[in-house]
Amino acid sequence: MAKVILICGKICCGKSYYANQLKTRENAVILSCDEMTSILFDNDLGDRHEQMIIKIKDYLLKKSVELVKANCNVILDWGFWTKKERDLTRKYFNEQNIATEFHYINVDEKTWLKNIEERNNNVVAGKSGSNYYLDEGLKNKLLSMWEEPNKAEIDFWIEVNR
């Protein structure tokens, strides 16, 4: 039976890189909020960003159920930033009898700051893909929303340091 792999981690920790590595190994489809906002809205949602992310996540959750029922593994690549979101997502799939695995990307501070610098350099150079510039204000705002998971919540704990 197919499963859903949920990639957890703060911004710029390497979630998408990891998801792309898993994609081949798990023969899976990646569903990403960042990819959708980039393609549909060119990352230009302004004040509507949070409202649209809620709708996109709802759509991708439903689509992941369809894919799993068609025997396709799914990787959800969007961070699962709060314990509440992680718990609700696991419950949603459990109620549908769908197996889940939470994979947490734990990145050390030095690597994380280097990832942010690389991301921002790529955005400035026009090679950013679905990324947007992460200035100090946005970084601090996003960090204030982040709740690091405990090991009991996570099935696979991946340490990232360069």
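These figures come from a predicted structure and were not determined experimentally.
In this structure, Cys33 and Leu60 approach most closely via the heavy-atom pair N-CD1, 4.0 Å. Taking every heavy atom of both residues into account, Cys8 and Lys15 meet most closely at C-CD, 4.1 Å.
Judged by a 6.0 Å distance limit and a 45° cone about the ring axis, Lys151 is positioned over the six-membered ring of Trp157.
Checked for salt-bridge contact, Lys57 and Glu85 meet the test: a charged N lies under 4.0 Å from a carboxylate O. With respect to the salt-bridge test (charged N to carboxylate O, under 4.0 angstrom), the residues Glu66 and Lys69 do not qualify.
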Query raised in the report: Val160 and Ile158: side chain to side chain contact (heavy atoms under 4.5 Å, CB included), yes or no, with the steps?
Result: CA-CA 6 Å; Val160 177; Ile158 295 91; 4.2 Å; yes

Query raised in the report: What's the verdict on salt bridge (charged side-chain N to carboxylate O under 4.0 Å, His left out) for Lys3 and Glu26, showing C-alpha distance, side-chain angles and the deciding distance?
Result: CA-CA 10 Å; Lys3 63 186 171 188; Glu26 295 289 338; 3.2 Å; yes

**Report entry** Audit row: Asp135, Lys139, salt bridge (charged side-chain N to carboxylate O under 4.0 Å, His left out) steps and yes/no
**Finding:** CA-CA 6 Å; Asp135 64 24; Lys139 180 179 92 172; over 6 Å; no

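Ring centroid separation for the pair Phe102 and Phe156 does not come in under the 6.0 Å cut-off.
In this pair, Tyr104 and Trp146 present their aromatic rings parallel. The plane angle is below 30°, not in the 30 to 60° band.
The CG atom of Asp155 sits 6.5 Å away from atom NE2 of His103, with the distance rounded to the nearest 0.5 Å. Note that CG of Leu31 and CD1 of Ile5 are 11.5 Å apart. Values are rounded to the nearest 0.5 Å. Rounded to the nearest 0.5 angstrom, Asn115 CG and Leu134 CG are separated by 11.0 Å. Taking CE of Met1 as the reference point, atom CG of Asn73 lies at 10.0 Å (rounded to 0.5 Å). From Asp77, atom CG reaches atom OG of Ser16 across 3.5 Å, with rounding to the nearest 0.5 Å. Rounded to the nearest 0.5 angstrom, Arg25 CZ and Asn20 CG are separated by 12.5 Å.
By the rule that hydrophobic residues join a cluster once side-chain heavy atoms approach within less than 4.5 Å of another member, Tyr59 and Tyr92 end up as members of one cluster.
For the 3.5 Å distance criterion, the side chains of Glu148 and Trp81 fail to qualify, holding no donor opposite an acceptor.
No more than 12 heavy atoms of other residues, nucleotides or ligands lie within 6.0 Å of CG in Asn27, so this atom counts as exposed by the packing criterion. Atom NZ of Lys23 is surrounded by 12 or fewer heavy atoms from other residues, nucleotides or ligands within 6.0 Å.
Residues Ser32 and Trp78 form no side-chain contact, since every pair of their non-hydrogen atoms from C-beta on lies 4.5 Å or further apart. A heavy-atom distance below 4.5 Å is found between the side chains of Ile105 and Ile7.
Taking Glu117 as the reference, nothing meets the salt bridge (Lys or Arg N to Asp or Glu O under 4.0 Å) condition, with sequence neighbours excluded.
Put simply, the residue from Arg90, Lys83, Lys91 that forms a side chain to side chain donor-acceptor pair (under 3.5 Å) with Asp87 is Lys83.
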